[in-house]
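Proteins get letters first, then strands, A, B, ... in listed order; numbering begins at 1 in each.
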Protein chains: 2
Amino acid sequence: MAAAALEQSKETIASRVVDALRDDIITMALKPGDVISESDIAGRYGVSRQPVREAFIRLAQQGLLLIRPKRATVVKKISPVGVRQSRFIRESIEVEIIRRVAGQPSDDAADVLARLIADQEAASDANDSRRFHTLDELFHRTLARLAGVEYAWQLIDDHKMQLDRVRYLTLGVSSTQRAIAEHKLIVEAVAKADPAAAETAMRAHLARAELLLNQTITDFPDYFE
Amino acid sequence: MAAAALEQSKETIASRVVDALRDDIITMALKPGDVISESDIAGRYGVSRQPVREAFIRLAQQGLLLIRPKRATVVKKISPVGVRQSRFIRESIEVEIIRRVAGQPSDDAADVLARLIADQEAASDANDSRRFHTLDELFHRTLARLAGVEYAWQLIDDHKMQLDRVRYLTLGVSSTQRAIAEHKLIVEAVAKADPAAAETAMRAHLARAELLLNQTITDFPDYFE
DNA sequence: TCCAGCGCCCTTCCATACAAGAAGGGCATT
DNA sequence: AATGCCCTTCTTGTATGGAAGGGCGCTGGA
């Protein structure tokens with residue numbers, strides 16, 4: 001794991017440590033089950049234990065770390081049950097969002113979404129799966145904005161980190177072509193102002209995460225509870 | 001505000017402070033906009049600044065406090081937009097839950113729910129609005145359990161704190177009779193295994209929170225952004 | 001060979017001291 | 001009288017030392 005010096009630009013040391021650790025966890029530089037300690041991380045980044053401790057608290061609340069008092073702090077293993085329930089939450093909210101958007105589509109909704117899909121195709125052609133992932137996220141976030149509940153997306157974002165770890169393990173595996181086709185189906189339904197079709201398309205799209213999860217559990221059993 | 005000594009039973013000092021402060025905030029002993037400081041609370045409870053500081057961090061992440069670096073820490077005012085979006089999230093999830101429960105009702109589902117409603121009627125007759133509120137929460141939580149997504153309720157619970165502050169301001173005002181009637185409608189739909197009717201009933205039930213919010217904003221404008 | 005007890009080492013937790021920034025009031029200058 | 005500067009006094013942020021407790025291995029006995 002890269003003991004890179006923290007970027008000196010941010011506000012407090014504690015928040016820099018939070019960002020650095022979260023990135024390490026999501027990118028699997030810190031693996032589920034890894035044991036870390038305050039003094040360990042403190043020494044690695046050349047800061048005192050106090051800001052590291054506060055970073056641990058924040059990340060523990062986000063479900064990425066597990067602080068076992070007087071014992072140790074470990075990178076939380078991924079809970080299949082938790083991931084499935086996160087997916088349930090996401091599906092509930094995104095279905096409600098797509099119903100709203102398709103029910104009362106704004107004038108430029110379809111245009112904006114179509115443009116995003118075009119970008120995704122470009123990223124797919126360039127085999128840039130990292131960028132594709134970013135655009136995929138932006139697509140869903142844009143839907144939330146169009147429904148007037150962008151704040152709700154922040155919630156999904158928080159609880160999506162678990163699934164993001166799974167996704168990172170399978171970067172390049174997932175079929176971008178298929179995801180794009182599904183996005184197109186969703187946008188078509190929005191253009192036709194057909195909420196029922198939009199809901200069906202969205203559920204089908206999100207259902208693929210279940211397959212991804214099952215595949216990953218068999219590939220990396222040690223990372224799961 | 002009562003400077004009661006923290007209950008000595010819990011785990012760490014920090015977690016005790018968290019519980020005490022959260023309770024003070026939700027019950028409006030600490031009002032939105034109130035300025036507090038680490039040393040202030042530390043002196044009040046007879047502990048050092050450190051655990052108080054960690055409690056502040058946790059509560060800030062839950063959206064109850066706002067830490068303004070080097071300046072002060074204030075009890076967050078209630079954001080109407082935030083409350084509405086929390087309600088959107090809750091409605092999305094609870095609708096999905098009730099659809100599941102009504103779609104594939106377990107044998108004893110209706111029985112369990114009917115028993116809860118009976119308790120609510122007892123609490124209502126006794127004018128025990130505090131207990132009624134607890135039972136109301138248990139009703140919804142039970143639905144989540146029946147749908148197999150109890151974890152999802154924890155999420156709602158976190159984001160419900162804002163609305164709980166609103167609710168506390170209007171304790172006794174809300175019509176318990178009406179809420180009970182709505183609960184009965186929901187259970188009837190579940191008993192009939194009619195997801196569409198259950199969804200309609202649930203949406204109607206949750207829609208009342210909007211009225212509560214608007215009423216409270218006009219009654220206590222200082223507590224809102 | 002097995003097992004119980006003890007002690008070392010590691011962890012997180014708490015207390016205290018110091019540093020750095022922000023804000024407001026008083027004072028001097030214009 | 002008005003305005004700009006400084007200084008005092010808050011606040012939160014960071015560093016460090018010790019306290020409390022759990023885990024694990026060694027050691028002594030049976």
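When only modelled atom types and interatomic distance are considered, B:Q62 and B:R22 share a side-chain donor-acceptor pair under 3.5 Å. Side-chain polar atoms of A:Q154 and A:D158 form no donor-acceptor pair below 3.5 angstrom.
What separates CD of B:Q50 from C1' of D:dT16 is a distance of 11 Å, to the nearest Å. Between the C1' atom of C:dT12 and the CD atom of B:E11 lies a distance of 12 Å, rounded to the nearest Å. To the nearest angstrom, P of C:dT11 lies 8 Å from CG of A:D40. Atom OH of B:Y45 and atom C1' of C:dC14 are 18 Å apart (whole Å). Between A:F56 atom CZ and D:dT14 atom P the separation is 15 Å, expressed in whole Å. Remark: P of C:dA15 and CD of B:E38 are 13 Å apart, rounded to the nearest angstrom. Atom CZ in A:R53 sits about 15 Å away from atom P in D:dG13, given to the nearest Å.
Below 30°, between 30° and 60°, or above 60°: for B:H205 and B:H140 the angle between ring planes is below 30°, a parallel geometry.
No contact: B:I57 has no heavy atom under 4.0 Å from any strand.
The backbone N or O of B:D111 lies less than 3.5 Å from no partner atom in the side chain of B:D108, so there is not a single donor-acceptor pair.
Between A:S37 and C:dT11, a side-chain N or O to OP1/OP2 separation shorter than 4.0 Å is present.
Considering only side-chain atoms of A:R49, the nucleotide from D:dG13, D:dT11, C:dC13 that sits closest is C:dC13. Of the candidates D:dT11, C:dC14, D:dT14, C:dC14 carries the atom nearest the B:E54 side chain, counting heavy atoms from C-beta on.
With sequence neighbours excluded, the residues satisfying salt bridge (Lys or Arg N to Asp or Glu O under 4.0 Å) with B:R90 are B:E94.
Non-hydrogen atoms lying under 4.0 Å from DNA chain D are contributed by A:K70, A:R71, all within residues 61-71 of chain A.
Classification of A:E210 and A:R84 as a salt-bridged pair holds, one side-chain N sitting under 4.0 Å from a carboxylate O. Look at A:R178 and A:E182 and you find a salt bridge, because one of the NZ, NE, NH1 or NH2 atoms lies within 4.0 Å of a carboxylate O, short of that distance.
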